[in-house]
Structures are given as C-alpha cells and as structure tokens.
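Since the structure comes first, as structure tokens, the remarks are kept for the end.
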Amino acid sequence: MLVVMQAGASEQQVQGVIDRLVNMGFTVHRSTGVTHTVLGGVGPVEDFEPADFEVLDGVKECHRIISPYKLASRSFKPGGTVVKIKDVEIGGNSVVVMAGPCSVENVDQIEMSAEIVAKAGAKVIRGGAFKPRSSPYSFQGMGEEGLKIMRAAADRNGLLVISEVMDQSQLPLLCEYADILQVGARNMQNFNLLRAIGNVRTPVLLKRGISATVEELLLSAEYILSGGNYDVMLCERGIRTYETMTRNTMDISAIPVVKKLSHLPILGDPSHGTGKREFVVPMARAAVAAGADGLLVEVHPDPDRAVSDGAQTLKPGQFEEMMQQIRLIAQAVGRSA
Ligand code: PEP
Ligand code: MN
C-alpha cells in the first residue's frame with residue numbers, strides 16, 4: 001500500500017505511520033519527494049483498509065497499489081528517480097551516454113576507447129570483464145584484470161565505469177571497481193542475483209530479458225528495490241521476435257511505456273537492439289526521441305577486430321556523429337545531451 005503524507009508533515013507524523021505499518025507486518029520503504037513523503041508498505045498483508053490510514057495525523061491519502069510491482073511503480077515516486085553517481089545524473093534533464101566495447105580485451109583497446117568516448121561526450125565507459133556468451137567456447141572475459149584496466153582508463157578520462165555482473169560471487173569485485181553494475185538480458189530473471197544486488201548500494205542497470213514483458217522487467221527491478229538498493233536504471237535492448245533482419249527487435253515503445261508505469265530511468269541499447277552497425281545510429285536517435293534517459297552503445301577503436309559483437313559496434317567516427325545527432329534530438333524534446 002501507498003501512504004502519501006501531507007506537504008510539510010512532521011517527522012513525528014511520518015514515524016507514527018511507519019510504526020503502524022510495521023506493526024501490521026509491512027516492510028516500509030520511504031520515498032522523499034520535493035513536496036511529499038511517500039511510504040510504500042510492501043509484504044503479504046492483504047487485510048487492511050486504506051481509509052484507516054487516511055485519518056492518521058499528517059496523512060494526505062492512502063491507496064492500494066494494484067500493479068504487481070510496488071516500489072517500481074510510478075505512484076511510489078511520481079516525480080521520477082534521478083540516479084546520482086559522482087557528478088553524473090541519470091534520469092534528470094540530460095541524456096547520459098554509456099559507451100565502449102562489448103568486452104575488455106587489453107589495455108590499449110580500453111585506453112583508446114576511453115579517450116574516444118570521453119572526447120565525444122560520453123560520461124560512462126562500458127566493457128564486459130565477465131562475458132555471458134552463447135557458446136562456452138567463445139571468449140569469456142578478462143575478469144578482475146579487465147576491471148582494473150577499465151577503472152584506470154576511466155579515472156584518467158573522467159568517466160564512470162559500467163560492467164556486467166553475471167553471478168553473486170562476482171559482486172564484491174564489481175562493487176570495488178565499477179560505478180554501475182550491469183545485469184544482462186540473460187540474467188534479468190536470476191532472482192538470487194537480483195536479491196544479492198538489492199543488498200549492495202552500487203547503482204545498477206537492469207537490461208530487459210530477450211523474451212521478457214515490460215511487467216516482468218519491472219518485477220525484476222522490484223527484487224532489487226525491495227532489498228533497499230533504490231538506484232536502479234532499466235534498459236531496453238531488443239527482444240526476440242520472428243524478424244530476422246536484425247539481431248533483436250528494438251522495442252522503442254517500451255521506453256514511453258516504462259516512463260508511464262515506473263519512476264525508474266530507462267536507457268536504450270541500440271547495439272544489441274539491432275545487431276548491425278548500420279542500424280545503431282538511427283535507433284539511438286529513435287530512443288532519445290522516445291524519451292530515453294540515456295544510451296548504452298558499443299564502440300571500439302577497431303570494431304572489425306573486436307573479440308565480441310564487432311558487427312554491431314560503432315567505429316569512432318560513427319560514434320562522434322551519433323553524439324552530434326542525439327544532441328539535436330535531445331534539444332528538440334526538451335532535454336540536453
Ligand atoms: C552487453 O551489453 O554486452 C550484453 C551482453 O548485453 P545483453 O545482456 O543485453 O545481451
Ligand atoms: Mn555486447
């Protein structure tokens with residue numbers, strides 16, 4: 001259930017409502033908006049009357065949340081979530097670009113990538129040190145060594161680091177070296193991993209599973225939020241359909257749908273969304289036009305020699321062009337990039 005406190009409700013009044021919810025068996029999550037504090041009571045409690053809460057001191061209104069996800073729903077934080085990491089804000093006015101190669105391959109490749117993406121205006125460098133590959137014989141990633149390389153290159157270029165965590169056992173390492181944990185499409189419903197991420201305080205980018213509905217994506221986000229890690233960002237990266245001309249079908253409509261249903265920032269990944277370099281820039285433009293809070297894009301100094309996902313990876317010049325174009329589109333939709 002959701003209890004919206006009156007503007008200016010005192011801390012004592014807020015605490016009074018929290019105590020009452022806890023006594024009934026709810027776990028309480030607090031969201032402090034610009035004017036109103038909202039309390040989300042979650043748990044298996046069914047037997048309550050919202051009207052009983054509306055008479056409490058300091059309470060403005062109380063509702064049942066009918067969607068199956070509660071803390072991820074827009075009503076919990078109507079103003080939207082802005083994830084702040086150092087001097088970068090994701091979910092605010094600015095469209096944030098996270099870019100870099102699919103995988104960390106070696107020092108030179110990452111140093112060059114960091115320079116290229118930083119110069120063009122990206123704020124975050126991406127690169128997988130642990131890679132979820134469809135074949136067990138494909139390159140599986142450099143592990144900790146790869147994370148160290150990413151951290152050093154990012155720090156030299158004023159960038160944040162995003163990298164994928166595939167398993168709970170990798171969490172301590174990822175939290176040490178990365179600023180954002182990436183949960184890949186294949187792990188969107190790895191509920192043990194999601195719960196473990198709920199217990200850390202490193203921000204996370206949760207990618208949509210290849211056959212997941214938007215509701216399932218939001219329920220997966222709920223696993224993380226309910227553990228108390230509120231810095232969750234979502235990512236549309238294409239879903240599997242009958243179409244074979246692209247690697248996946250990038251569901252641009254998921255962007256405004258998520259915006260309506262949830263307060264969480266949503267990014268677009270046109271690289272995995274299309275699988276082909278020539279379609280990445282048009283779909284990056286489309287994602288920004290549709291209201292994405294950011295982009296996750298694969299870029300490599302020499303993509304034709306990339307160890308993974310080269311076909312969908314932009315060349316440096318193409319990336320610069322993309323950045324120039326999305327700046328114009330962001331402006332047209334009232335944002336900056
Ligand atoms: C990636 O970002 O390199 C990746 C593996 O993405 P996804 O999980 O969306 O396939
Ligand atoms: Mn990739």
Side-chain angles (χ1 to χ4, degrees), residues 96-105 109-110 113 117 122 124-136 138-143 146-147 150 160-167 170 174 178-190 193-194 197 204-214 216-217 220-221 224 232-241 246-252 254-255 258 266-277 279-280 283-284 287 292 294-315 319:
V96 174
V97 176
M98 308 182 183
C102 180
S103 305
V104 183
E105 299 168 10
Q109 169 235 20
I110 292 298
S113 300
V117 304
V124 185
I125 182 164
R126 62 146 290 147
F130 296 99
K131 292 305 299 177
R133 306 304 303 280
S134 299
S135 160
S138 303
F139 175 66
Q140 305 286 310
M142 287 184 74
L147 291 172
M150 287 273 282
L160 301 177
V161 170
I162 180 170
S163 198
E164 177 162 356
V165 55
M166 285 175 58
D167 183 87
Q170 297 161 353
L174 266 299
D179 300 291
I180 306 172
L181 308 169
Q182 177 173 321
V183 176
R186 291 157 191 82
N187 268 318
M188 189 204 83
Q189 288 187 313
N190 180 342
L193 177 63
L194 300 180
I197 292 174
V204 51
L205 180 77
L206 175 65
K207 298 187 85 175
R208 183 179 182 183
I210 58 170
S211 62
T213 63
V214 168
E216 287 165 337
L217 173 64
S220 289
I224 302 171
V232 177
M233 298 160 272
L234 306 172
C235 182
E236 164 57 38
R237 49 77 73 206
I239 48 174
R240 186 163 288 178
T241 68
T246 47
R247 179 179 179 186
N248 293 291
T249 297
M250 189 153 170
D251 181 9
I252 293 287
I255 294 166
V258 165
I266 169 105
L267 281 74
D269 171 354
S271 307
H272 296 83
T274 61
K276 290 182 185 165
R277 200 179 290 158
F279 304 135
V280 170
M283 294 312 273
L295 297 171
L296 183 71
V297 183
E298 289 183 337
V299 190
H300 189 292
D302 186 4
D304 294 333
R305 290 207 167 74
V307 300
S308 59
D309 286 351
Q312 66 192 31
T313 298
L314 295 181
K315 297 179 180 178
F319 179 67

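Both ligands and their constituent atoms are indexed starting at 1 by order of listing. Treat the numbers as computed from the prediction; the structure is a model and nothing was measured. Numbering starts at 1 and runs along the sequence shown.
- For the residue pair His272/Asp309, the side-chain donor-acceptor check at 3.5 Å is satisfied.
- Closest heavy-atom contact between Ile266 and Glu236: CD1-N, 4.0 Å.
- Compare Lys207, Glu298, Arg237 by their heavy atoms: the one nearest to atom 6 (O) of ligand 1 is in Lys207.
- Summarising the geometry of Ile180 relative to Leu205, their closest heavy-atom pair is CG2-N, 3.8 Å, with the distance given to 0.1 Å.
- For the pair Ser163 and Leu147, the minimum side-chain heavy-atom distance is below 4.5 Å.
- Contact atoms of ligand 1 toward Lys131: 3 (O) (distance under 4.0 Å to a heavy atom of the residue).
- Listed by number with element, the atoms of ligand 1 under 4.0 Å from a non-hydrogen atom of Gly184 are 8 (O).
- Considering all non-hydrogen atoms of both residues, Leu295 and Ala287 come closest at CD2-CB, 3.8 Å.
- The two atoms that bring Met142 and Glu105 nearest to each other are SD-O, 3.2 Å, heavy atoms only.
- The closest approach between Cys102 and ligand 1 falls below 4.0 Å for a heavy atom of the residue.
- For a threshold of 3.5 Å applied to N or O pairs, the pair formed by Ala185 and ligand 1 contains at least one separation below that value.
- Paired with Thr241 under the rule side-chain hydrogen bond (donor to acceptor under 3.5 Å, both in side chains), one option of Asp251, Asn248, Thr246, Thr249 passes, and it is Thr249.
- For the residues Glu164, Met98, Glu236, Arg126, the heavy atom positioned nearest atom 3 (O) of ligand 1 is part of Arg126.
- Minimum heavy-atom separation, Ser271 to Glu298: OG-N, 2.9 Å.
- Shown here are the protein N/O/S atoms lying under 2.8 Å from the Mn ion (ligand 2), water excluded: Cys102 SG, His272 NE2, Glu298 OE2, Asp309 OD2.
- Taking a cutoff of 4.0 Å between a charged side-chain nitrogen and a carboxylate oxygen, Arg208 and Asp269 do not qualify as a salt bridge.
- Within the set His272, Arg247, Arg133, Gln312, the minimum heavy-atom distance to atom 1 (C) of ligand 1 is found for His272.
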